[in-house]
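Here the structure is laid out as structure tokens; the discussion comes afterwards.
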2 protein chains.
Amino acid sequence: MGVTIHDVARAAGVSVASASRALSGRRKVTPEIAERVARAAAELGYQPNAVAKALRDQTTGTIGMVVPGIGNPFFTTIVEAVERELQNSGTDLLLCASQYSPQVEARRLETLLARRVDGLIISPCDIEASVPAVLDAARRVPLVQLDRYIEGGGADWVGVDDEAGLALAVDHVIAGGARSVVFAGSRLVSSSARLRLSGFERAAARAGVEVLPPLLGEFTLEWGIEAGRGLLDAGRLPDAVVCANDEIAVGLVRSLRFGGARVPEDVAVVGFDDVGHATMCDPPLSTVRQPVEEMAAEAVRLLGQLKAGDPRPAQRIAIAPRLVVRQTSRPVAAGVEG
Amino acid sequence: MGVTIHDVARAAGVSVASASRALSGRRKVTPEIAERVARAAAELGYQPNAVAKALRDQTTGTIGMVVPGIGNPFFTTIVEAVERELQNSGTDLLLCASQYSPQVEARRLETLLARRVDGLIISPCDIEASVPAVLDAARRVPLVQLDRYIEGGGADWVGVDDEAGLALAVDHVIAGGARSVVFAGSRLVSSSARLRLSGFERAAARAGVEVLPPLLGEFTLEWGIEAGRGLLDAGRLPDAVVCANDEIAVGLVRSLRFGGARVPEDVAVVGFDDVGHATMCDPPLSTVRQPVEEMAAEAVRLLGQLKAGDPRPAQRIAIAPRLVVRQTSRPVAAGVEG
DNA sequence: ATGAAAGCGCTAACAG
DNA sequence: CTGTTAGCGCTTTCAT
């Protein structure tokens, strides 16, 4: 079916070696040959076979990326950022979703490795169950973890500084007058879930406010709605609820208001991520913005370093987030934005 | 770096052919050899090189998919559906986003083709500008268009029956008492944009209601908000607005209510797609549900047929959508659902 | 500057 | 049933 470089060479009346050299331009050929080869290639509609090139070169020009799910806007945002980052490096992205299952995650890694990707960017779905597959992959190929990471180190990581982010959120609601606070997050199955809870607890303890027992479910709108209902049913509302992501926060605001509570007058709500949902929410959500572009850039940079062979201990890079005050929390003087 | 089948063969004390046969299990070998090979492979951590296999077999076991953008929940939903559909066929998906640009779309197709995908599923971003690249790709490899399609035919397509969907929406609001209607959609740069507008116009004309000039922008929340403002500023509200997708509808509802109009009492709003956003909306959005699973299944089936070589004229498969009545339109007796 | 040939890892003919 | 070998398409020595 395909037209090969042999066909081009024959049509141009030169050897395949010359054709190869002319096409790649990486080596000198007479202008005349270059011309003839170029014409032949164009006429035949020659298209280089990347598979053969990959086998020969032992490098595919692709990097694999696996995230828990592309239904979550945070992950699609970060995927887009990585794609943009890779844009001009001639590297293609092979994107996979693990669907929040360590089994399919392991399978995905396996096929990515079999396809000989030059590197891997992964947000492991489970802090424990993902360990073997991720470590194994890291042994075979440059790998950096983005956002979520696995226990025990051994592989590079770049993500947001959750601790700092939660401190930002907690201090903000307290500055707005909150005396009792609660955390609405996810069960502690990922690093993000754990770090955000502990960051919240630390900040709240430091401030000396009352802390209600955390509400732990999923990183979803549905769970946010449920958590809001739970709060209403409990009879007494906290002054503020800090959420582990925006989807939870949006759901929470919805059910709180549906139940008659005013946001932010009766209870302040702050989210985390600031991708998409936050501005869509009514009223617009105060949240902690993850520095997605920087995270993606850093991950790609790290991957490049690893590829270069540069041996060094595993790195962890935590990038500082930023508070974005909108309308679900009481403003404190300056800093309000749309 | 990698351990090859030669290493395995040597370690097992057999020829590469036997090793290959034992590993693939596609041909008889003595149990003893099978055993020895299996052990050697396990001990060495052998992992087959898919690149070499692809070159040898002239088939990669991958299909490429290109959609305008993964930021749009409709496309992520359909990508997930296609992934699920492919799950058990041993075929991997190479996902690309064209970012709504015919240029990057063409480039993406080019590299997918260079990587020798076995087939292509594409939602062309532009009904006109996407034509050459898509047609060229279709000439080289089995290709089916999903959702959007290009002008002029020549390639298979599966999508929703837009005409029927818009008729459903229009008839519904009219049954609810609407006497004047308007369409809020996208500029006519894609097949979906065009078909939905014409479907709306036809259904409205058939019903004999008053039709205001259509509002055409983007398939985004922002445009929905703007369109809603425009409607308010115009002084007189229509009884119903039918939207080309849910994001527009959500934005529209938001700005209409913000401007003091009651939904659905003053104006009914109906969306299109029913993925994610619709239930998140407050109040929950009445909409036309795209049969995403069926569309994905059909696309994969068609692709399989094409691969089988089965020559036949290009097919267009339009699947009937379903109306989902929630709370942004007045119900008509039965059929309300969550 | 150009051409002949080796070889990337794999599988399927083809012999034995 | 097993082993030897050719060849998928490409790039790069190695000679010329």
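FYI, side chains are in, hydrogens and waters are out, and symmetry mates aren't considered; it's all heavy atoms of this structure. Letters A, B, ... are given to chains in the order of the sequence lines, protein chains preceding strands, and every chain is numbered from 1.
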Just by distance, do the side chain of Ser130(A) and the backbone of Ile127(A) share a donor-acceptor pair under 3.5 Å? no
Let me have a per-nucleotide readout for nucleotides 9-16 of chain D, 5' to 3', with B, S or -, counting only protein heavy atoms under 4.0 Å. BBBBB---
Return yes if some donor-acceptor pair links the side-chain N/O of Asn72(B) with the main-chain N/O of Phe74(B) below 3.5 Å, else return no. yes
Determine whether Arg115(A) and Thr62(A) make a side-chain contact, defined as any pair of heavy atoms from C-beta on separated by less than 4.5 Å. no
Using side-chain heavy atoms (C-beta onward) and a distance below 4.5 Å, is Arg312(B) in contact with Gln305(B)? yes
Atom pair distance, as rounded to whole Å: CZ in Arg10(B) and P in dC10(C): 12 Å
May I have the step-by-step check of side chain to side chain donor-acceptor pair (under 3.5 Å) for Gln99(A) and Glu80(B), ending in yes or no? CA-CA 9 Å; Gln99(A) 298 157 212; Glu80(B) 288 178 324; over 6 Å; no
State whether Arg107(A) and Asp92(B) are salt-bridged, where the test is any N-O pair (Lys NZ or Arg NE/NH1/NH2 against Asp/Glu carboxylate O) under 4.0 Å. no
Sorted by number, residues from residues 28-36 of chain B placing a heavy atom under 4.0 Å from DNA chain D are Lys28(B), Val29(B), Thr30(B), Ile33(B)
Indicate yes or no for a side-chain donor-acceptor contact from Asp118(A) to the backbone of Gly61(A) under 3.5 Å, with no hydrogens or angles considered. yes
Check whether more than 12 heavy atoms from other residues, nucleotides or ligands sit under 6.0 Å from atom CZ of Arg26(A), and answer yes or no. no
